[in-house]
Amino acid sequence: MKRFNFRFQRLLELKERIEDQCKADLGEAMTEFNRELDQLGKLERSFGAYRRAALGLPDQRVDVALFGVNASYLLRLQREIGEQREHLEQMGSVVEDKRGKLLEAARQRRMYEILQERAEEEYQREAMRQERIQLDEIGEQLYVRRGSGDGELNV
C-alpha cells in the first residue's frame, strides 16, 4: 500500500510558521513592555529619592532656590510617570492583542493537526482492512490447494 500523504500538509506547515511568527511577535512585545515597566520603576524610585531629599532633616538649613528646583523636578517626574503609565497601558493592549493572535494561530494549527491525526487513523484502518483481505485471500487459496490436493489422494 502507498505511503500516508496528508493532503493539507502545506497548510499545516504554513499554520505552524504563522504560529511561530506570532510567538516571536509576542516575545518582542513582552520584552518592550518589560523594558518600559523597568523604566517606570526607575522613574518612581527617582521620584521617591528626590521627595525624601526634599523633606530633608529638620536640623538642616533650607536653601529656597534648591527647594524650588527640587519641587520643579518632582513635578516633571510626576508628569513623566503619568506618561509612562499611559504608554504602558497602550503597550499592555498591544501585548494582549498579540497574545490573542497567537491563541488564534495555535487554534488554527491544532485544527489541522486534528485533521491530520484523523486522516492517519483512517489510513491505518484502511491499511489493516486491506491486509486482512489479502490474508483472507491467501488463506482461501491455501485451503483450496490443500482441499484439492487431499481430493486427488482419495480419488
Side-chain angles (χ1 to χ4, degrees), residues 1-140:
M1 189 169 191
K2 66 180 183 174
R3 195 173 61 91
F4 174 71
N5 187 17
F6 182 52
R7 65 183 179 159
F8 297 121
Q9 185 63 39
R10 287 187 180 176
L11 283 174
L12 176 60
E13 291 168 0
L14 176 67
K15 296 299 181 182
E16 288 171 347
R17 284 194 299 271
I18 289 172
E19 182 182 13
D20 290 342
Q21 182 61 46
C22 288
K23 284 179 185 177
D25 291 346
L26 177 61
E28 289 174 10
M30 288 295 296
T31 300
E32 184 66 26
F33 180 81
N34 289 334
R35 189 178 305 127
E36 295 296 325
L37 191 60
D38 289 343
Q39 181 66 28
L40 176 63
K42 288 177 186 176
L43 287 172
E44 289 175 341
R45 284 190 298 278
S46 179
F47 179 80
Y50 277 95
R51 186 154 190 218
R52 282 190 299 278
L55 297 175
L57 299 173
D59 60 343
Q60 284 184 340
R61 210 175 72 187
V62 175
D63 186 359
V64 178
L66 284 176
F67 191 71
V69 169
N70 193 25
S72 296
Y73 186 66
L74 286 174
L75 287 174
R76 180 176 156 225
L77 282 175
Q78 281 181 323
R79 187 176 59 249
E80 286 180 9
I81 288 172
E83 290 171 357
Q84 189 69 16
R85 285 186 178 150
E86 289 176 11
H87 185 64
L88 275 173
E89 286 178 18
Q90 292 171 352
M91 292 189 73
S93 65
V94 168
V95 167
E96 288 304 314
D97 181 52
K98 292 192 182 293
R99 185 174 286 128
K101 287 179 181 178
L102 174 61
L103 290 174
E104 178 63 23
R107 188 188 64 75
Q108 289 182 4
R109 177 198 43 85
R110 183 66 186 137
M111 179 180 65
Y112 282 99
E113 283 180 347
I114 290 171
L115 286 174
Q116 182 181 27
E117 290 168 4
R118 288 181 183 168
E120 279 186 270
E121 289 172 5
E122 180 62 32
Y123 173 80
Q124 293 298 329
R125 279 194 299 271
E126 181 62 24
M128 294 294 285
R129 189 178 75 78
Q130 291 295 327
E131 185 178 345
R132 280 193 306 271
I133 289 172
Q134 287 176 350
L135 290 174
D136 286 346
E137 288 176 3
I138 291 171
E140 284 179 26

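Values reported hereafter were calculated over all heavy atoms of this structure, with side chains retained and with hydrogens, waters and symmetry mates removed.
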Once the angle between the rings of F6 and F4 is folded into 0 to 90°, is it parallel (under 30°), tilted (30 to 60°) or perpendicular (over 60°)?
parallel

Is there side-chain contact between [X] and [Y], with heavy atoms separated by less than 4.5 Å?
| X | Y | value |
| --- | --- | --- |
| R17 | E13 | yes |
| Q9 | Q116 | yes |
| M111 | I114 | no |
| K101 | D25 | no |
| L40 | E36 | no |
| I81 | Q84 | no |

On a heavy-atom basis, which atom in [X] and which in [Y] lie closest, and how many Å separate them?
| X | Y | answer |
| --- | --- | --- |
| Y50 | L77 | CD1-CD1, 4.4 Å |
| V95 | L26 | O-CD1, 3.7 Å |
| E19 | A105 | CA-CB, 3.9 Å |
| R109 | L12 | O-CD1, 3.8 Å |

One thing to verify: whether R85 and E44 come together as a salt bridge, which I'm taking to mean a side-chain N less than 4.0 angstrom from a carboxylate O.
yes

Strictly below 4.0 Å, N to O, side chains only: are E122 and R129 in salt-bridge contact?
no

Could you tell me the separation between the [atom1] atom of [X] and the [atom2] atom of [Y], rounded to the nearest 0.5 Å?
| X | Y | atom1 | atom2 | value |
| --- | --- | --- | --- | --- |
| E32 | L37 | CD | CG | 11.5 Å |
| F47 | R52 | CZ | CZ | 10.5 Å |
| K98 | M91 | NZ | CE | 10.0 Å |
| H87 | F33 | NE2 | CZ | 10.0 Å |
| I133 | I138 | CD1 | CD1 | 12.0 Å |
| M30 | K23 | CE | NZ | 15.0 Å |

Is the number of heavy atoms from other residues, nucleotides or ligands under 6.0 Å of R76 CZ greater than 12?
no

Flag if over 12 foreign heavy atoms under 6.0 Å of CZ, R125
yes

Can you find a side-chain donor-acceptor pair between Q108 and E104 that sits under 3.5 Å?
yes

When you compare the side chains of Q130 and Q134, does any donor N or O come within less than 3.5 Å of an acceptor on the partner?
no

Look at the side chain of T31 and the backbone N and O of G27, then say whether any donor-acceptor pair between them is shorter than 3.5 Å.
yes

Taking D97 for its side chain and S93 for its backbone only, find out whether a donor-acceptor pair lies under 3.5 Å.
no

